[in-house]
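Have a look at the structure below, then the notes.
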Amino acid sequence: MERNVVILDIDYVLLDDKPVIRLFSKDKDKNIVLVDDTFQPYLYVLPTDDPKQTIEDILAGVEPVNIEEFTKKDFQIEKTFLKVTLKNPQEVSKKREFIRSLDSVKTVREADIPFYRRYLIDNNVIPMTEVKAIGGKLDSFMDLDAEELDLEIIKLTEPLKRIKDNVQDFRIATFDLEVRNPHGMPDAEEDEIIMIGISSNFGVNKVISTKNKTTGDCSFVEQVSSEKEMIQSFVDTIRDNNVDIIIGYNSDNFDFPYIVKRAEILDVDLELGMDDSEVKFIRRGGYSDSAAIKGLIHVDLYLVMRRYITLERYTLERVYYELFGEEKIDVPGDRIWEFWDGNGEELDKLFDYSLDDVVATLKIAEQILPLNLGLTHIVGQPLFDLSRMTTGQQAEWYLVKEAHFDNEVVPNKNTGANATARQADDNEGGYVKEPEKGLHENLVQFDFRSLYPSLIISKNISPDVLEIGEVDNIEDYHLSPEHGLKFKKEPKGFIPSVIGKVLSRRLAIKKQMKESDDETEKKVLNVQQQALKRLLNTMYGIYGFPAFRWYSFECAKAITSWGREYIKKSIEKAEEFGFYTIYADTDGFYVKYKK
């Protein structure tokens, strides 16, 4: 059978000790699980000398599915690697230390790439996009029963084919809990949930509670008889409306842990997953308590907003005001229980506050989510993961994907003592001239477009073309100011080539935006170019991050030294034409003309 589906989520299970990928997907309102048992885990081994000897040594302690020789690039240099395919993903972590310890092995690579991410990269499968799935229909697969769960199960017989990348019409719901907390910080063992607010882009906007408003508009209140019924109504609302993305604000740390505990106490099945599974807490993107639901993407906007804007406090009220310039309804957290017990005007305000929380969260999501979807399409990793990644991690996973298509073997992460030692390295940074005090008028601004990314490209700043020591012909190199670091002019370094592609792609999209008369198309294109801009602005900075796979303190120093040189020369040239510099910072400066 053949179906066009949008991929939402991915995991894998073991069947007879063999990994099977599961892709939780949808075709409009129909839930579909794609299963693929053809993909196997692997790692790369770089032999010290003779690959045959290395193979013999590996076979002495490991039972691989297969070992093949491949010519791969390692920092631009072609080398013979052994691709060691193992039975299941657990074997990769168990056997890599043994393989690494062999005298005939120089290094082991790509053993730390999670299996489901490896699948996405190798098969060029992009979450949140539409693909053509071809395979056989199954009535059941392991604990999945198609009829019982009202879904389709398709076992893939051909590789997935991408159809449409810019899918935007997802069913989104936001939620928020209000808790009666007479003793201060809420305790899920004792303090009941008194309200659950839900807002959505498909018409559901309500507050579920055991009470009702006393005056005013109460049409949005769904009154139930107990807290147990309240939680069950929340579950039913999410499931009955076949929600694709559920969004909270600080929901990883508070809302989901709290409702999970209360559901456990009250004996409510919190079966929100496409496979009827409950909420689980897993480690993703550096966070150990990420609330995950199979086939339902949970995004915690609190984590996202901490990366998008700089504020002293990241309360929902503060973020909402920063984005929209509007005050939202506010109730002091330590007085929520008083408003609840008040049963009058304060209770009515609490209901309005509960609804306002989820409406505000949805409004923020509608502003921010398109950019995250754009980054998901570019980076190629699940939205659940991407929303919990730092910007540096997003850039790194994009480079991992690009390395695969460039036949480059990915470097290992710098961890432990090595990474800690590297943090002591200090880079001078960009040039800054402190602003002159006072009110200045008639200023002229000079600004470099994408200064650091442009420098990386034009000066070929990349660890794979960095030359340490004496060279025969200095004219074949770009020399950095101050430090004299040498970067080959040819071949093009891996990271400059990737950044060049991103920059060209962004410029092409901006040109397409100008030429388009379709406002909807313009909005979609603008999100794409903003996502690419964000990726570009991150890439130049992560050279100096010790845990970055392509870390290079020399590259970081070279970028900023060239940046300082360009900005200073530009200031000097402006002053030759009669301008006077008022303020300068990294990639731009302000001047006024001397009369």
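Excluded from the calculations below are hydrogen atoms, water molecules and symmetry mates; all remaining heavy atoms, backbone and side chain alike, are included.
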* Asked: Is Lys413 salt-bridged to Asp112, cutoff N-O under 4.0 Å?
  -> no
* **Atom NZ of Lys489: over 12 foreign heavy atoms under 6.0 Å** => yes
* Assign the ring pair His298 / Phe384 to parallel, tilted or perpendicular, where the plane angle (0 to 90°) is split at 30° and 60°. => tilted
* Could you tell me whether a side-chain N or O of His483 sits under 3.5 Å from a main-chain N or O of Ala558, the two making a donor and an acceptor? => no
* Hey, is CG on Asp49 packed in by over 12 heavy atoms from elsewhere, all under 6.0 Å? -> no
* With no hydrogens and no angle check, is any side-chain donor or acceptor of Asp9 less than 3.5 Å from a backbone partner on Gly295? -> yes
* Using the benzene-type ring in the case of Trp, are the ring centres of Tyr44 and Tyr42 under 6.0 Å apart? -> yes
* To do: To the nearest 0.5 angstrom, please state how far the OH atom of Tyr543 sits from the NZ atom of Lys557.
  => 15.0 Å
* To do: Considering non-hydrogen atoms only, spot the tightest contact between Pro51 and Leu82 and give its length.
  => O-CD1, 4.0 Å
* **Whether over 12 other heavy atoms sit under 6.0 Å from Lys522 NZ** => yes
* To do: Please step through side chain to side chain contact (heavy atoms under 4.5 Å, CB included) for the pair Lys155 and Asp37, ending with a clear verdict.
  => CA-CA 8 Å; Lys155 183 177 181 181; Asp37 62 0; 3.3 Å; yes
* Asked: Is Ile10 close to Ile21 at the side-chain level, that is, under 4.5 Å between some pair of heavy atoms?
  -> yes
* Checking ring-ring contact (aromatic ring centres under 6.0 Å, His included) for the pair Phe446/Phe589: CA distance, chi angles, key distance, verdict? -> CA-CA 5 Å; Phe446 291 83; Phe589 57 98; 4.9 Å; yes
* **Pair Glu97-Arg100, salt bridge (charged side-chain N to carboxylate O under 4.0 Å, His left out): steps then yes or no** => CA-CA 5 Å; Glu97 291 306 318; Arg100 188 180 285 150; 2.5 Å; yes
* Asked: What is the distance from atom OG1 of Thr390 to atom CZ of Arg306, rounded to the nearest 0.5 Å?
  -> 13.0 Å
* **Lys/Arg-Asp/Glu bridge criterion (N-O < 4.0 Å) met for Lys79, Asp74** => yes
* Structure fact -> Of Ser504, Ser454, Pro453, the one forming a side chain to side chain contact (heavy atoms under 4.5 Å, CB included) with Ile499 is Pro453
* Which pair of heavy atoms, one from Ala111 and one from Val108, lies closest together, and at what distance? -> CB-CG1, 4.1 Å
* To do: Please check if any side-chain donor atom of Asp36 sits under 3.5 Å from a side-chain acceptor atom of Tyr119, or the reverse.
  => yes
* For Glu110, does its backbone N or O pair with a side-chain atom of Arg96 as donor and acceptor, under 3.5 Å? -> no
* Asked: Looking at CD of Glu152 and CG of Leu34, how far apart are the two atoms once the value is rounded to the nearest 0.5 Å?
  -> 10.0 Å
* To do: State whether the side chain of Arg307 and the backbone N or O of Met389 hold a donor-acceptor pair below 3.5 Å, judged by distance alone.
  => yes
* Are more than 12 heavy atoms from other residues, nucleotides or ligands located less than 6.0 Å from atom NZ of Lys72? -> yes
* So, do Gln393 and Leu386 sit near enough that their side-chain heavy atoms are less than 4.5 Å apart? -> no
* Asked: Is there a donor-acceptor pair under 3.5 Å between the side chain of Lys401 and the backbone N or O of Ile378?
  -> yes
* **Side chain proximity check, Leu86 to Val62, heavy atoms < 4.5 angstrom** => yes
* To do: Considering non-hydrogen atoms only, spot the tightest contact between Tyr314 and Ile309 and give its length.
  => OH-O, 2.8 Å
* **Backbone of Val465 reached by a side-chain donor or acceptor of Ser462 within 3.5 Å** => no
* Please determine which of Lys501, Lys492, Lys73 meets the salt bridge (Lys or Arg N to Asp or Glu O under 4.0 Å) test together with Asp406. => Lys73
* Shortest non-hydrogen contact from Asp275 to Arg22? -> OD2-NH2, 4.1 Å
* Keeping the roles fixed (side chain from Asn407, backbone from Thr71), state whether a donor-acceptor pair exists under 3.5 Å. => yes
* **Spacing of Ile245 atom CD1 and Phe170 atom CZ [to the nearest 0.5 Å]** => 5.5 Å
* To do: Go through the steps to decide whether Ile113 and Trp397 satisfy the test side chain to side chain contact (heavy atoms under 4.5 Å, CB included), and finish with yes or no.
  => CA-CA 10 Å; Ile113 296 178; Trp397 279 105; 4.0 Å; yes
* **Worked verdict on Leu399 versus Ile495 for side chain to side chain contact (heavy atoms under 4.5 Å, CB included)** => CA-CA 8 Å; Leu399 290 170; Ile495 291 180; 4.2 Å; yes
* Under 6.0 Å from the CG atom of Asp103, do we count more than 12 heavy atoms belonging to anything else shown? -> no
* Keeping the roles fixed (side chain from Glu408, backbone from Gln76), state whether a donor-acceptor pair exists under 3.5 Å. => yes
* Structure fact -> Correct closest heavy-atom pair for Val410 and Arg109 would be O-CD, 3.3 Å
* For Ser552 and Leu466, which heavy atoms make the closest approach, and how far apart are they? -> OG-CD2, 4.4 Å
* To do: Take Glu470 and Lys486, measure what side chain to side chain contact (heavy atoms under 4.5 Å, CB included) needs, and give me the verdict at the end.
  => CA-CA 10 Å; Glu470 298 296 322; Lys486 300 178 287 293; over 6 Å; no
* Asked: Under 30°, 30 to 60°, or over 60°: which ring-plane class applies to Tyr12 and Phe115, parallel, tilted or perpendicular?
  -> perpendicular
* Asked: Salt-bridged, Lys87 to Glu63, with N to O below 4.0 Å?
  -> no
* To do: Please examine the side chains of Leu120 and Pro382, heavy atoms only from C-beta on, and report whether any two atoms are closer than 4.5 Å.
  => yes
* Minimum side-chain heavy-atom gap Pro491-Asn460 below 4.5 Å -> no
* **More than 12 heavy atoms of other groups within 6.0 Å of Asp472 CG** => no
* Does the side chain of Phe487 come within less than 4.5 Å of Cys555's, by heavy atoms? -> yes
* To do: Give a yes or no on whether the backbone of Gly493 and the side-chain of Asp464 come within a donor-acceptor separation of less than 3.5 Å.
  => no
* Any chance the side chains of Ser516 and Glu521 put a donor and an acceptor closer than 3.5 Å? -> yes
* Asked: Between the main-chain N or O of Arg549 and the side-chain N or O of Glu396, is there a donor-acceptor pair closer than 3.5 Å?
  -> yes
* Structure fact -> One should read off an interatomic distance between Asn88 CG and Lys18 NZ, to the nearest 0.5 angstrom, of 12.0 Å
* **Validation row: Val131, Val5 side chains within 4.5 angstrom (heavy atoms)** => yes
* Asked: Which value, rounded to the nearest 0.5 Å, describes the distance between Ile7 atom CD1 and Leu23 atom CG?
  -> 5.0 Å
* To do: Answer whether the closest heavy-atom distance between the side chains of Met305 and Ile364 falls below 4.5 Å.
  => yes
